[in-house]
Novice: 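First, the structure itself, so that you have it in front of you.
FYI, side chains are in, hydrogens and waters are out, and symmetry mates aren't considered; it's all heavy atoms of this structure.
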Amino acid sequence: MPAERKAAMPGMNDSGTQEPGLLRKAFGRWLGLFLVLVTALLFYLFIVNLDIIFGYISYVAGIIKPVIYGAVIAYILNPLMKIYQRLVTAAYARKGRQVPEKKKGMFNGISITLALVTGIFIIVILFIMIIPQIITTMVTLVNNLPGQVDAYYKELVEKIENNRFIADTMQEVVLQGTKFLDEKMTTEVIPWMRTELLPNLNTYAKQFASGIAAFLSVLYNLFIGLIVAIYLLGSKRVFAAQAKKIMYGLLKKHNADMVIYYLRVSNNMFSGFISGKIVDSAIIGLICFVAMTVLNLPYTMLVSVIVGVTNIIPVFGPYIGAVPSALLILLVDPKQALYFLVLIIIIQQLDGNIIGPAILGESTGLSAFWVLFSILLFGGFWGIMGMLVGCPLFAVIYRVIKDFISMKLRKKELSDNTQEYMDLKSIEISASGLEYVKYTSEELNSKKKKSSNKLKKAVVNIKKPGSKNDNRNNKKNKGGKLD
């Protein structure tokens, strides 16, 4: 083979050997394909063994549950600790002296102690207010409920006796209901008691005992969690520094900066939302207490605490607290229950339009739709806890996606302002730069007319009895009758 042809062959150099660059490219392609296949296989194995993986995660979470409780307690108490830390430092600085390094640890200890005492004091006060009210409510219900039921029964009987049609209807309903209950008792309830309930009493007793053991386990984990929270609050600066050290060690500087930035954003959103919601709910509970006292409604303290505590849950919290409270008041007086419902509507309007925005402000940056969506989504995943943390968690996800889209748009030299894309027709390139062409009012009106005309035509084209299409079909059918 001539030398010219050797040199002309692709991938060969002057000496007739293959170029290393092409080998590297071919190896890179095969390696990339291999990595894609391995990733797909791992993803498939992850999906197939999802139950096993989550089982191990739940097992590990159960082991470190005191640490999780401690982290949650520390996160809730951290704003209180910061307040007390500023107060103690300001009191020391009034004397014209700076806080020495040796006393900073002592000041941290004082701040942690005051924060813990304040948290425990609030919980104790709530229990002191709620437990006597619950006992009083139960005693009142036991004493008054039979008499109220008897009064309602007599009133109902009187109204039925005065109306012959209602009396006949009620008699028929009672007969049918009695017959239905008798069939259910003989065919389902009594056999279930013989075959399921009595033989499994020992199992139910064990389940009850395990429930008590689980409750005691929660109390134990909370106690250990308090100790863990003290250590976390005392060493939070060290833990934060170690986390940053790990980030910069494992990631590139740019990626580490981005992760730390979004962790700060998440912390600000969560702490601002949770602390603001607690303050907002406390104010709502106080307003409810004062208003119910003025209106002389029953169960004032108990209902106010229920309304205040459930108000922490966004959107659905007021309804969760209002329904059982209204039922309690309904047992005393239906008119007062109606007054309470009107009061709750007024208070929630006040909270949604004045108190909530003033305290929370734009802590999440989400619209009302996305707030509702986040509560439904995470509430479906994690129940009540999902409703509590769903709003700030989704706000963080929303912020990350928003920043990512804005970065992509800026790389393409496009605007990241949403208003520029309202009624957008096209983006044109002109001598002065990009031009955002929008639909004119005439074009928007013509689009609406076209859509309405299409709808009308669709309605007109629907076959009606006696139409031309039906006549044609009838003629065809007459010509092609079946034997």
Side-chain angles (χ1 to χ4, degrees), residues 72-73 76 80 117-152 211-212 214-216 218-219 222 274-352 354-356 359-360 375 379 383-388:
V72 173
I73 294 170
I76 294 173
L80 275 175
V117 170
T118 303
I120 295 172
F121 177 75
I122 292 172
I123 294 173
V124 169
I125 290 296
L126 285 175
F127 274 105
I128 289 174
M129 290 190 299
I130 291 175
I131 291 175
Q133 283 286 314
I134 291 175
I135 295 172
T136 305
T137 301
M138 296 301 294
V139 171
T140 305
L141 288 176
V142 169
N143 292 333
N144 298 336
L145 190 59
Q148 290 174 348
V149 172
D150 185 60
Y152 290 148
I212 295 176
F215 177 72
L216 294 176
V218 169
L219 292 180
L222 284 173
I274 293 173
S275 59
K277 235 354 182 166
I278 290 173
V279 173
D280 173 53
S281 300
I283 294 173
I284 291 300
L286 182 61
I287 292 174
C288 183
F289 176 78
V290 173
M292 290 185 68
T293 304
V294 171
L295 295 173
N296 196 24
L297 298 179
Y299 310 124
T300 304
M301 181 63 70
L302 178 62
V303 169
S304 300
V305 172
I306 293 174
V307 169
V309 170
T310 55
N311 192 71
I312 297 176
I313 302 172
V315 181
F316 298 106
Y319 305 104
I320 295 173
V323 171
S325 303
L327 290 176
L328 275 176
I329 300 173
L330 181 65
L331 295 174
V332 177
D333 190 352
K335 291 182 180 179
Q336 288 184 328
L338 181 61
Y339 296 156
F340 170 75
L341 290 175
V342 174
L343 174 65
I344 286 296
I345 293 172
I346 295 172
I347 290 176
Q348 292 308 319
Q349 291 298 317
L350 181 68
D351 179 37
I354 299 174
I355 300 174
I359 295 175
L360 295 173
I375 293 168
I384 298 296
M385 184 57 65
M387 291 184 176
L388 289 174

Novice: Is any side-chain heavy atom of Met292 closer than 4.5 Å to one of Ile329?
Specialist: yes

Novice: Minimum heavy-atom separation for Asn296 to Gln336, with atom names?
Specialist: O-NE2, 3.4 Å

Novice: Could you check whether any side-chain heavy atom of Ile347 comes within less than 4.5 Å of a side-chain heavy atom of Val307, counting everything from C-beta outward?
Specialist: no

Novice: Rounded to the nearest 0.5 Å, how far apart are CD1 of Ile287 and CG of Leu343?
Specialist: 10.0 Å

Novice: Hey, which of Ile73, Val72, Leu80 is the one that makes side chain to side chain contact (heavy atoms under 4.5 Å, CB included) with Ile76?
Specialist: Val72

Novice: For residues Leu328 and Tyr299, report the shortest heavy-atom separation together with the two atoms involved.
Specialist: O-CE1, 3.6 Å

Novice: Measure the CG-CG distance between Asp351 and Asp280 for me, rounded to the nearest 0.5 Å.
Specialist: 4.0 Å

Novice: Checking Thr293 now: which residues fulfil side chain to side chain donor-acceptor pair (under 3.5 Å) with it, not counting sequence neighbours?
Specialist: none

Novice: How long is the span from the CD1 atom in Ile130 to the CD1 atom in Ile306, to the nearest 0.5 Å?
Specialist: 7.5 Å

Novice: Roughly how far apart are Leu327 CG and Phe340 CZ, rounded to 0.5 Å?
Specialist: 10.0 Å

Novice: Indicate yes or no: at least one non-hydrogen side-chain atom of Asn311 is less than 4.5 angstrom from one of Lys277.
Specialist: yes

Novice: Can you tell me how far CG of Leu330 sits from CG of Leu338, rounded to the nearest 0.5 angstrom?
Specialist: 10.0 Å

Novice: Nearest 0.5 Å, what's the CD1-OG distance between Ile284 and Ser304?
Specialist: 11.0 Å

